[in-house]
Amino acid sequence: MAVSEDFPVGLRVMVVDDDPVCLLILQRMLHQCRYRVTTCSCATQAYTMLRERQDTFDLVISDVYMPDMDGFRLLELIGLELDLPVIMMSANGETSLVMKGITHGACDYLLKPVRIEELRNIWQHVVRKKGTFDFNRDNCSIDWDSNKTLVEVQSEDHGSRKRKGNIELSDAMIEDANSLKKARVVWSSELHKKFVNAVNQLGIDKAVPKSIMEIMRIQGLTRENVASHLQGLIRLLKA
DNA sequence: GGCTTAATAT
DNA sequence: GATATTAAGC
């Protein structure tokens, strides 16, 4: 059973936000929480995808303010046609807005900036709504075969309820499946420049990963990333 | 327990 | 070769 540290792994989450930066951040954090994430930058597209691929999502997180469709409208549509838990999200925490979210059927309301701690437990909404969560589904891990076709791989359970056949995928999902493999940080000259600046600012003897990272202020860049880069640099300085 | 650094893996 | 991950030491 794919449960680690009491977490159901692989819950399928759709994130809708017109701000690509927010999308990226959310995606990162959700991945860190071991969810499978599909992102969508416009509500109408999200709605289409959700409707076309019912049963391929467990949970939706949607921004409130979006250019093409109000988040509440999306919430309403989902509540009408699909039976998915929806979490609303906004930088605006006015009680009236939050109220509106809840009364329209949202199961939660996240305030931006969203902290990862708040995402860790969102799977509970799925359990709550469905009354159950089919952990067994996770016996099927998703993997790429050599033809870059997504197939469902059955685990030891050669039981009765075998689902057969390949799954058709939207581009968004394909892209996400790729991103499940942890994206490596690429140290562009731009990024490296900031790194060097931080090091100089600290002074060479005080330049440790944590401080460097804090000065750089790059969203998503971890201390480990900086440590690794620092080590690589030191190594070739000695060579 | 968190952090840095060295060693090792991908 | 670059970056990640793990192990060791502080």
Side-chain angles (χ1 to χ4, degrees), chain A residues 1-13 15 20-39 110-124 135 138-156 167 169 171-239:
Chain A
M1 181 178 298
V3 179
S4 116
E5 292 151 18
D6 294 328
F7 270 68
V9 170
L11 199 79
R12 299 156 304 179
V13 182
V15 186
V21 177
C22 283
L23 272 185
L24 211 62
I25 294 172
L26 260 292
Q27 190 185 39
R28 273 205 125 90
M29 293 198 293
L30 286 165
H31 273 155
Q32 220 169 314
C33 295
R34 318 274 265 132
Y35 297 116
R36 272 139 74 186
V37 189
T38 303
T39 57
L110 299 179
L111 223 54
K112 286 185 187 176
V114 177
R115 295 169 312 128
I116 192 164
E117 297 82 60
E118 302 176 287
L119 297 175
R120 289 230 160 83
N121 294 321
I122 56 174
W123 60 271
Q124 293 175 358
F135 290 104
D138 291 330
N139 275 340
C140 309
S141 62
I142 290 189
D143 215 346
W144 295 97
D145 69 15
S146 43
N147 294 325
K148 287 277 187 283
T149 314
L150 193 70
V151 296
E152 288 231 309
V153 181
Q154 281 294 105
S155 63
E156 337 327 307
I167 306 172
L169 288 173
D171 289 345
M173 293 176 79
I174 288 171
E175 197 192 313
D176 181 65
N178 283 327
S179 70
L180 266 184
K181 296 161 193 151
K182 55 214 97 177
R184 285 164 61 109
V185 170
V186 34
W187 287 88
S188 61
S189 57
E190 193 58 22
L191 196 56
H192 179 70
K193 207 158 104 188
K194 288 185 177 155
F195 170 85
V196 173
N197 280 339
V199 171
N200 288 333
Q201 192 172 323
L202 284 163
I204 192 67
D205 46 333
K206 278 280 154 198
V208 293
K210 184 170 194 239
S211 320
I212 297 171
M213 176 195 67
E214 279 164 357
I215 291 180
M216 288 179 72
R217 294 177 175 281
I218 304 292
Q219 161 59 235
L221 192 70
T222 68
R223 181 167 47 79
E224 287 84 352
N225 293 138
V226 175
S228 176
H229 188 59
L230 185 60
Q231 293 198 11
L233 211 66
I234 290 170
R235 197 161 42 241
L236 71 96
L237 270 175
K238 288 199 283 204

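Values below: all heavy atoms of this structure, side chains included; hydrogens, waters and symmetry mates excluded. To find a chain, count down the sequence lines: A is the first, B the second, and so on, and within it residues start at 1.
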Under the criterion side-chain contact (heavy atoms from CB on, under 4.5 Å), which of A:N197, A:L202, A:V199 is the partner of A:I215?
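Filter result, single survivor: A:L202.
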For the side-chain contact (heavy atoms from CB on, under 4.5 Å) test, which of A:V37, A:I116, A:V15 pairs with A:L26?
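Looking at A:V37, A:I116, A:V15, the match for A:L26 under the side-chain contact (heavy atoms from CB on, under 4.5 Å) is A:V15.
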May I ask you to verify if any side-chain N or O of A:N225 is less than 4.0 angstrom from the OP1 or OP2 atom of C:dT3?
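Answer is no, no contact under 4.0 Å.
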Could you tell me the separation between the [atom1] atom of [X] and the [atom2] atom of [N], rounded to a whole number of Å?
| X | N | atom1 | atom2 | result |
| --- | --- | --- | --- | --- |
| A:E224 | B:dG2 | CD | P | 12 Å |
| A:Q32 | C:dT5 | CD | P | 11 Å |
| A:D205 | B:dT4 | CG | P | 14 Å |
| A:I212 | B:dT4 | CD1 | C1' | 11 Å |
| A:L191 | C:dA2 | CG | P | 15 Å |
| A:K210 | B:dG1 | NZ | C1' | 13 Å |

Is it the case that the side chains of A:S228 and A:N225 hold a donor-acceptor pair, with the cut-off being a distance below 3.5 Å and no angle test?
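There is no such pair between these side chains.
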More than 12 non-hydrogen atoms from neighbouring residues, nucleotides or ligands closer than 6.0 Å to CG on A:L237, yes or no?
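Atom CG in A:L237 is crowded, with more than 12 foreign heavy atoms closer than 6.0 Å.
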Is A:Y35 reaching over with its side chain to a backbone N or O of A:R120, donor-acceptor style, under 3.5 angstrom?
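The answer is yes, because a donor-acceptor pair under 3.5 Å joins these two groups.
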Once base and sugar-phosphate atoms are separated, protein heavy atoms under 4.0 Å mark nucleotides 5-10 of chain B, 5' to 3', with B, S and - as BBB---
Side chain to side chain, A:C22 and A:K112, heavy atoms closer than 4.5 Å
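When only atoms from C-beta onward are counted, A:K112 and A:C22 do touch, with a gap below 4.5 Å.
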